[in-house]
Amino acid sequence: MSMVKVTLKDGSVKEVEKGISIYELAKEISGRLAKEAVVGEVDGETVDLTYTLDHDADVSILKFDDEEGAHAFRHTSSHILAQAVQRLFPGTKLAIGPAIDNGFYYDFDSEHVFVPEDLEKIEAEMKKIIKEDLKLERFELPRSEALDFVSEKGEDYKAELINDLPEDSIISFYKQGEFTDLCAGCHVTSTKQVKAIKLLSVAGAYWRGDEKNKMLQRIYGTSFPKAKLLEEHLEMLEEAKKRDHRKLGKELKLFALREEGPGFPFFLPNGMVVKNELMHYWREVHNAAGYVEVETPLIMNRKLWETSGHWYHYKENMYTVQIDDEDYAIKPMNCPGGMLVYDMEMRSYRDFPLRIGEVGRVHRHELSGALHGLMRVRAFTQDDAHIFMLPEQIKDEIKNVATLIDEVYQKFGFKYNVELSTRPEKSMGSDEEWELAETSLQGALEELGLDYKLNEGDGAFYGPKIDFHLIDCLGRSWQCGTIQLDMQLPQRFDLNYIGADGEKHRPIVIHRVAYGSIERFIGILIEHYAGKFPTWLAPVQVKILPIADRHADYAYELKRMMQSKGIRVEVDERSEKIGYKIREAQLQKNPYMLIVGDKEVEEKSISVRSRDKGELGAQDVAAFIDQVISEIKERANSL
RNA sequence: GCCGGUGUAGCUCAAUUGGUAGAGCAACUGACUUGUAAUCAGUAGGUCGCGGGUUCGAGUCCCAUCACCGGCUCCA
């Protein structure tokens with residue numbers, strides 16, 4: 001372990017481990033050190049954001065490539081933003097301005113309403129501040145003085161933040177030029193280091209994230225130590241726009257959203273193929289895993305929803321309807337129906353685990369502002385299942401479900417994060433029940449060797465849960481799969497089974513989904529594949545393109561041949577040039593194009609073009625069909 | 001729901017200080033019969049999101065409303 005001597009600003013010398021991070025360093029020399037840490041020099045030439053604490057001590061502390069380094073860098077960027085805004089719009093109050101993944105934001109309370117055009121002006125001012133090469137200096141004040149300091153400047157939000165800190169706190173501030181902000185750090189040493197900066201958007205955000213509070217104006221931006229990195233990042237955002245499932249959904253005629261039904265998507269023929277293929281695959285996997293399938297009514301009497309508790313806890317989000325003078329509700333969840341199915345027969349412990357699946361369409365009145373393409377809708381399909389079991393079966397069954405979900409995600413090459421949420425403050429059930437439930441869930445994850453994040457107190461009031469978050473091409477994560485233990489519904493519905501002892505017992509119930517919402521899953525798939533679905537999912541798998549009208553007969557002969565083998569195939573018989581037809585098929589992202597002209601008719605062959613690999617040349621018809629069929633069979637390769 | 005922005009032909013977009021709506025692609029018709037990402041010509045297509053108002057006159061200004069976009073909140 002090589003140690004390095006660090007000379008602090010006050011002249012004292014400290015020995016630290018080489019390569020130590022600024023945060024570790026701050027911890028080591030509590031409080032004081034962070035102050036010194038910003039007084040360094042940057043070796044801008046060789047390594048961006050490599051700091052030296054003092055002129056004689058070469059300790060690399062922070063790099064932009066590290067998460068912490070990027071964080072400090074973006075944090076300074078947000079201070080520059082706030083400084084520019086206060087210069088241009090005096091009287092603007094500051095709320096908070098943290099670094100986030102890929103950028104930063106700052107929340108403002110201003111009389112002035114920021115419009116997109118303002119961003120350019122603010123950005124120009126920020127560039128000025130960067131050029132001014134302002135040093136960031138840290139200073140600390142006892143809590144009461146800190147309060148006076150911010151109150152004098154009329155920074156009410158900062159005062160509120162300080163008020164929430166303990167009485168004996170020492171409050172740190174960072175100063176750059178005329179601008180000072182309450183801030184824990186860390187920061188880079190000078191505004192000059194922020195070489196490339198770009199403001200992206202302006203949005204509303206509630207103070208402290210609470211909708212009861214005032215709505216502030218949030219400005220988002222991003223920054224990099226090199227112009228090239230910024231360019232690359234902006235290009236990535238452009239690429240992501242091209243993949244947007246709403247755009248591709250329209251271009252590929254997969255689905256549509258209309259004013260007549262906000263949040264209620266239309267699935268067009270192409271999208272329906274994808275949906276049906278996904279369900280086909282789902283049924284294969286679930287059959288193999290021992291699930292049965294049921295379907296429960298979309299509309300049921302209010303009494304059922306009172307029994308389940310939804311009428312009291314979820315009414316705001318439920319669509320209701322009157323039938324014969326009685327209240328009915330459209331189901332927002334499948335569980336109550338599932339409970340009724342269980343209760344239709346006398347159940348035995350020998351039936352367990354009893355896995356009852358339901359691909360159920362649910363309706364929820366989501367806030368209009370929350371709607372987003374297929375990702376957030378008001379009617380969606382859950383690939384639900386309720387599993388009834390004995391307490392001692394929990395762990396193994398959770399493992400089964402997690403394994404199944406993993407298999408499904410692997411199918412599409414998805415990466416995902418797992419989160420385990422435990423007992424919240426307000427909860428139902430005994431300590432022993434929760435203890436068993438939580439250790440079973442945790443044990444299952446650990447035995448499977450899955451990395452997971454623990455969200456303590458984040459579970460549902462009726463039980464702990466495991467969530468699966470898919471990571472999309474933009475790095476955003478979407479909650480899809482979930483496994484929830486339900487300790488409330490069995491009781492509310494008075495569900496029983498006959499145990500080995502001949503007595504009635506309450507079953508354990510888990511509620512789980514793999515896709516989550518099929519609509520959302522399709523949205524994610526569209527972006528994941530950029531519309532280029534693998535052959536088994538592609539709406540049109542083979543497009544036959546006759547070169548001239550006289551080749552149409554042969555084209556249709558090929559079509560019949562392939563169709564009879566279960567291949568989705570179309571003929572483009574328009575009197576257009578072959579280049580035009582190829583372009584169209586290519587834009588529609590059809591996996592295979594077959595060009596047939598005089599040569600192919602004569603030789604009874606085909607000229608194959610692949611969407612991804614381009615021209616493949618002449619091929620034998622039977623061999624090509626076999627190839628396509630093998631790709632279609634990928635749907636089931638897990639079996 | 002909240003904050004901000006947007007809304008013109010099926011799609012992507014134009015329309016100088018308010019003066020009476022235009023292009024490309026798509027569609028349709030015709031010609032061309034085509035060899036691996038856009039053949040040419042013509043035709044048709046809009047109560048400028050919907051509803052009020054100001055004005056001699058509104059796509060352009062104001063109000064209201066709906067939807068969408070970026071976020072917040074919430075969530076599969």
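Keep in mind it's a predicted model, so treat the numbers as computed, not measured.
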Do A:Arg376 and B:C74 share a donor-acceptor pair, side chain to base, under 3.5 Å?
-> yes
What is the distance, rounded to the nearest whole Å, between atom CG of A:Leu199 and atom C1' of B:G70?
-> 14 Å
A:Arg378 CZ to B:C68 C1': how many Å, rounded?
-> 13 Å
Name the residue closer to the 5' end of RNA chain B, choosing between A:Gly261 and A:Asp549 according to the nucleotide with the nearest heavy atom.
-> A:Asp549
Scan A:Leu587 against the nucleic acid and name what it touches under 4.0 Å (heavy atoms): base, sugar-phosphate only, or nothing.
-> base
What is the nucleic acid contact for A:Ile595, judged by heavy atoms within less than 4.0 Å: base, sugar-phosphate only, or nothing?
-> base
Give one of base, sugar-phosphate or nothing for A:Val202, where a contact means two heavy atoms less than 4.0 Å apart.
-> base
Between P of B:U73 and CD of A:Glu316, the distance in whole Å = 20 Å
Nearest-Å distance, NZ (A:Lys581) to P (B:A38)?
-> 15 Å
What is the pairing partner of B:A14, taking Watson-Crick or G-U wobble pairs with both distances under 3.5 Å in any strand?
-> none
Decide whether a cation-pi geometry holds between A:Arg218 and A:Tyr105; the criteria are a distance under 6.0 Å from NZ or CZ to the six-membered ring centre and an angle within 45° of the ring axis.
-> yes
Contact class for A:Gly579 vs. all strands (heavy atom < 4.0 Å): base, sugar-phosphate, or nothing?
-> sugar-phosphate
For A:Arg574 and B:A27, is the shortest distance between a side-chain N/O and OP1 or OP2 below 4.0 Å?
-> yes
Pair assignment for B:U20, Watson-Crick or G-U wobble, requiring both distances under 3.5 Å | none
Could you measure between the two P atoms, the one in B:C50 and the one in B:G7, and give it in whole Å?
-> 13 Å
Between A:Glu397 and A:Arg512, is there a side-chain N and carboxylate O pair less than 4.0 Å apart?
-> no
Is any side-chain N or O of A:Arg550 closer than 4.0 Å to OP1 or OP2 of B:U34?
-> yes
Have a look at A:Glu366 and say if it touches a base, only the backbone sugar-phosphate, or nothing, with a 4.0 Å heavy-atom cut-off.
-> base
Mind checking the P distance from B:A14 to B:C66? Whole angstroms is fine.
-> 27 Å
Residue A:Glu259, side-chain atoms from C-beta onward, closest of B:U34, B:A67, B:A38 | B:A67
Touch class at under 4.0 angstrom, heavy-atom based, for A:Val113 against every strand present | sugar-phosphate
Salt bridge (Lys or Arg N to Asp or Glu O under 4.0 Å) assessment of A:Asp156 paired with A:Lys214 = CA-CA 13 Å; A:Asp156 310 338; A:Lys214 181 167 185 183; over 6 Å; no
Record whether the side chain of A:Glu600 comes under 3.5 Å of the base of B:G35 through a donor-acceptor pair of N or O atoms.
-> yes
Span that lies between the P atom of B:C63 and that of B:A44, in whole angstrom | 40 Å
Are any of A:His372's side-chain N or O atoms less than 4.0 Å away from OP1 or OP2 of B:C68?
-> no
How would you label the contact of A:Arg218 with the nucleic acid (heavy atoms, under 4.0 Å): base, sugar-phosphate, or nothing?
-> sugar-phosphate
Of the candidate nucleotides B:U34, B:U39, B:G4, which contains the atom at the shortest distance from the side chain of A:Glu576?
-> B:U39
Would you mind telling me which of B:U12, B:G35, B:G71 lies closest to the side-chain atoms of A:Lys250?
-> B:U12
Side chain of A:Tyr220: nearest nucleotide among B:C72, B:A38, B:G35?
-> B:C72
Closest listed nucleotide, where the reference is the side chain of A:Ile547 and the choices are B:C72, B:G35, B:A76 | B:G35
Does OP1 or OP2 of B:A76 have a side-chain N or O of A:Gln479 closer than 4.0 Å?
-> yes
Verify whether the ring centers belonging to A:His233 and A:Phe224 lie closer than 6.0 Å.
-> yes
Salt bridge A:Glu366-A:Arg378, side-chain N to carboxylate O under 4.0 Å = no
Could you work out the separation of B:U60 and B:G53 based on their P atoms and round it to a whole Å?
-> 14 Å
Closest to the side chain of A:Ser575, out of B:C75, B:G1, B:U34, is B:U34
Shortest side-chain distance from A:Met215, nucleotide among B:U73, B:A76, B:G71 | B:G71
How is A:Gly209 classified with respect to the nucleic acid when contacts are heavy atoms under 4.0 Å: base, sugar-phosphate, or nothing?
-> sugar-phosphate
Could you let me know what B:G46 is paired to, Watson-Crick or G-U wobble, both distances under 3.5 Å, or none if it's on its own?
-> none
Confirm from the modelled atom types if A:Arg611 and B:A37 form a donor-acceptor pair under 3.5 Å, side chain to base only.
-> no
C1' spacing across the pair B:C48 / B:G18, given as an integer number of angstrom = 14 Å
Could you check which nucleotide pairs with B:C2 in any of the strands shown, counting Watson-Crick or G-U wobble with both distances under 3.5 Å?
-> B:G71
Report the nucleotide, chosen from B:G5, B:U73, B:C72, that has the shortest atom-to-atom distance to any side-chain atom of A:Leu367.
-> B:U73
Hey, is A:Phe380 doing a stacking thing with B:A76, by the 5.5 Å centroid and 30° angle criteria?
-> yes
What distance, rounded to whole Å, do you find between the two P atoms, one in B:G49 and one in B:U6?
-> 13 Å
Between B:U34 and B:A21 - P atom distance, rounded Å | 45 Å
Watson-Crick or G-U wobble partner for B:U34, using a 3.5 Å limit on both distances?
-> none
Rounded to the nearest 0.5 angstrom, the CD1-CG distance for A:Ile466 and A:Leu441 is 4.0 Å
Whole-Å gap separating P (B:G4) and CD (A:Gln217) = 7 Å
The side chain of A:Lys599 lies closest to which of these nucleotides: B:U33, B:A67, B:G35?
-> B:G35
For this output row, return yes or no: ring centroids of A:His75 and A:His79 closer than 6.0 angstrom.
-> yes
Can the ring centres of A:Phe380 and A:Tyr515 be said to be less than 6.0 Å apart?
-> no
Do any side-chain nitrogens or oxygens of A:Arg246 fall under 4.0 Å of OP1 or OP2 in B:A67?
-> no
Indicate, with a heavy-atom threshold strictly under 4.0 Å, whether A:Ser201 touches base, sugar-phosphate, or nothing.
-> sugar-phosphate
Watson-Crick or G-U wobble partner for B:G7, using a 3.5 Å limit on both distances?
-> B:C66
Does B:C74 have OP1 or OP2 sitting under 4.0 Å from an N or O in the side chain of A:Tyr206?
-> no
What is the distance, rounded to the nearest whole Å, between atom CG of A:Leu616 and atom P of B:U36?
-> 15 Å
For A:Asn317, answer base if it contacts any base atom (sugar-phosphate contacts may also be present), sugar-phosphate if it contacts only those atoms, and nothing otherwise; contact means non-hydrogen atoms under 4.0 Å.
-> nothing
Residue closer to the 5' end of RNA chain B, A:His365 versus A:Gly614 (nearest nucleotide) = A:His365
Does the ring of A:Phe461 carry A:Arg423 above it, NZ/CZ under 6.0 angstrom from centre and within 45° of its axis?
-> no
Quantified in whole Å, what is the P atom distance between nucleotide B:G10 and nucleotide B:G46?
-> 8 Å
Nucleotide of B:A76, B:G70, B:U34 approaching A:Ala203 most closely (side-chain heavy atoms) | B:G70
Tell me whether the centres of the aromatic rings in A:Phe89 and A:Phe114 are closer together than 6.0 Å.
-> yes
